[in-house]
Number of protein chains: 2
Amino acid sequence: MVGMSLSHVLLGLLADRSASGYDLLKRFDISLANVWPARQSQIYTELGQLSEGGLIKVAAEGPRGRKEYAITDAGLAELRRWLTETNPKKIGRNEPLARVFFLGVLTRDQAVAYLVEMAAQAARGSDKHKATDESVAWDDSGLAIYGRLALEWGHRYAAMEREWAQWAADQIATQ
Amino acid sequence: MVGMSLSHVLLGLLADRSASGYDLLKRFDISLANVWPARQSQIYTELGQLSEGGLIKVAAEGPRGRKEYAITDAGLAELRRWLTETNPKKIGRNEPLARVFFLGVLTRDQAVAYLVEMAAQAARGSDKHKATDESVAWDDSGLAIYGRLALEWGHRYAAMEREWAQWAADQIATQ
DNA sequence: TGAACCATGTAAACAGTTACATGATTAA
DNA sequence: TTAATCATGTAACTGTTTACATGGTTCA
């Protein structure tokens with residue numbers, strides 16, 4: 001097990017259903033893009049390593065060199081071990097918020113504009129969430145059930161950020 | 001300019017006040033640890049590169065080989081350029097939330113326990129924020145003013161996550 | 001027949017973490 | 001005198017991004 005997190009995310013997606021690298025890439029885009037982004041090259045590399053390590057296997061080959069991967073028993077055990085016996089590291093990087101610390105080097109107008117833009121971005125995020133919610137064909141698989149919980153998190157996050165950014169812009173503007 | 005983000009964060013801290021690598025390391029811990037963590041080795045390496053690039057300079061040398069860095073005019077210009085002319089990438093990794101997607105491979109009790117622990121963690125985060133707020137000697141520098149806004153963000157974030165996790169645990173438990 | 005999409009793979013560069021390594025100064 | 005703190009630096013490794021490279025299949 002080389003990559004500690006992307007590898008487990010891939011195991012999680014394959015636990016829901018077998019898929020090719022290409023399928024997984026698209027599934028990332030609709031579900032995990034906001035919490036664990038991954039590039040095409042990284043996904044293919046990681047699939048190769050997981051396969052070599054016996055945590056997934058090529059279950060079928062299709063046209064255009066398509067390889068459909070399925071999780072193995074060892075992979076499922078590893079996924080469960082990761083979820084129950086290791087702690088997620090909670091610290092995450094947040095560039096938009098990191099920038100806020102340094103707005104003091106700009107003019108007040110520029111700082112307010114930055115915060116207003118953050119609020120607008122959050123509002124746009126809300127709309128996008130709503131659209132995703134309506135467009136995704138939710139089945140009753142575990143991934144769909146928990147994916148909807150995560151979507152609700154995104155909804156609340158966007159609302160919180162919009163309100164905070166409006167409040168912050170007001171603090172600076174009326175200071 | 002090699003590192004795109006840590007380098008700018010260091011410029012931002014040095015714009016507030018000159019400091020040594022050691023000082024910066026501690027300032028990270030109290031202010032930026034939750035939005036842009038950085039290790040000692042990374043900070044020292046980056047300071048070397050910024051210095052080589054003329055964005056900061058050694059303003060004074062003290063005991064034990066201490067080097068106090070100060071931002072240069074070029075560095076301040078670069079910081080402003082970064083803040084006003086480039087867009088922050090908003091996507092960030094969130095491992096605790098990423099794991100939520102895959103709770104379907106666990107038993108219901110295990111999944112609920114995971115969400116309850118997330119709520120507890122968020123509650124502990126709230127307490128820690130309050131403690132930080134009270135312990136930090138806030139001056140009226142730009143960094144202090146905007147740092148307080150970021151602290152309020154952390155406060156609201158923790159409250160949102162606590163409420164969401166409680167709601168989510170309830171959804172699964174009573175399903 | 002050409003555009004859109006399906007599908008995979010590698011190499012180089014960059015960013016971040018862990019581990020190692022050293023030594024001076026201060027305060028109890 | 002010894003423990004805590006101050007202070008810097010490098011090497012190896014892991015993880016991520018960008019760029020390059022190739023070609024098959026489907027549908028209008």
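All values reported here derive from a predicted model rather than from experimental measurement. Each chain gets a letter, A, B and so on, in the order the sequences are listed, and its residues count up from 1.
The side chain of B:R93 contributes an N or O atom lying less than 4.0 Å from OP1 or OP2 of D:dT17. An OP1 or OP2 oxygen of C:dT17 is reached within less than 4.0 angstrom by no side-chain nitrogen or oxygen of A:K89. Of the side-chain N and O atoms in B:R66, none sit less than 4.0 angstrom from OP1 or OP2 of C:dA24.
To the nearest 0.5 Å, atoms CD1 (B:I43) and CG (B:L24) are separated by 6.5 Å. Rounding to the nearest 0.5 angstrom, the gap separating the CG atom in B:L79 from the CZ atom in A:R99 is 9.5 Å.
At its two ends the helix from C:dT1-D:dA28 to C:dA28-D:dT1 runs along axes set 30° apart, each axis drawn from five pairs and the angle rounded to 10°.
At least one donor-acceptor pair under 3.5 Å links the side chain of B:R80 to the backbone N or O of A:V105.
By the side chain to side chain contact (heavy atoms under 4.5 Å, CB included) test, A:R27 is found to be paired with A:L13, A:D16, A:R17, A:A19, A:L143, residues two or more places apart in sequence or in another chain being considered. The side chain to side chain contact (heavy atoms under 4.5 Å, CB included) test applied to B:S31 returns A:F101, not counting sequence neighbours. Partners of B:K26 according to the side chain to side chain contact (heavy atoms under 4.5 Å, CB included) rule, which considers only residues two or more places apart in sequence or in another chain, are B:Y22, B:D23. With sequence neighbours excluded, the residues that form a side chain to side chain contact (heavy atoms under 4.5 Å, CB included) with B:A74 are B:L55, B:T72.
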Could you write out each protein N or O paired with an N or O of nucleotides 25-28 of chain D at a distance under 3.5 Å?
unit_1: D:dT25; atom_1: O4'; unit_2: A:R64; atom_2: NH1; d: 3.4

Show each protein N/O and nucleotides 1-3 of chain C N/O combination with a separation under 3.5 Å, one pair to a line.
none

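B:I91 belongs to no multi-residue hydrophobic cluster, having no ILVMFWY side-chain contact under 4.5 Å with any other such residue.
Using modelled atom types, one finds a donor on one side chain and an acceptor on the other under 3.5 Å when comparing A:D139 with A:S141.
Under a hydrophobic-cluster definition in which Ile, Leu, Val, Met, Phe, Trp and Tyr are linked whenever side-chain heavy atoms come within less than 4.5 Å, directly or via other members, B:L10 and B:Y44 are assigned to different clusters.
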Name each donor-acceptor pair under 3.5 Å that joins a side chain in residues 115-128 of chain B to protein atoms two or more places apart or in another chain, with its distance.
unit_1: B:E117; atom_1: OE2; unit_2: B:R124; atom_2: NH2; d: 3.2

Tabulate below the donor-acceptor pairs under 3.5 Å that side-chain atoms of residues 144-156 of chain B make, not counting sequence neighbours, or state none.
unit_1: B:E152; atom_1: OE2; unit_2: B:R156; atom_2: NE; d: 2.7
unit_1: B:E152; atom_1: OE2; unit_2: B:R156; atom_2: NH2; d: 3.4
unit_1: B:W153; atom_1: NE1; unit_2: A:E161; atom_2: OE1; d: 3.0

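Of all the residues in residues 14-28 of chain B, not one reaches under 4.0 Å from DNA chain C with any non-hydrogen atom. Taking a 4.0 Å limit (strictly below) on heavy-atom distances, residues 34-43 of chain B reaches DNA chain D at B:Q40, B:S41.
Residue-environment remark: CD (B:Q175) exceeds the threshold of 12 foreign heavy atoms within 6.0 Å.
The pair B:E68-B:R66 meets the salt-bridge criterion, with a side-chain N (NZ, NE, NH1 or NH2) lying under 4.0 Å from an Asp/Glu carboxylate O.
Between A:E52 atom CD and C:dG9 atom P the separation is 12 Å, expressed in whole Å.
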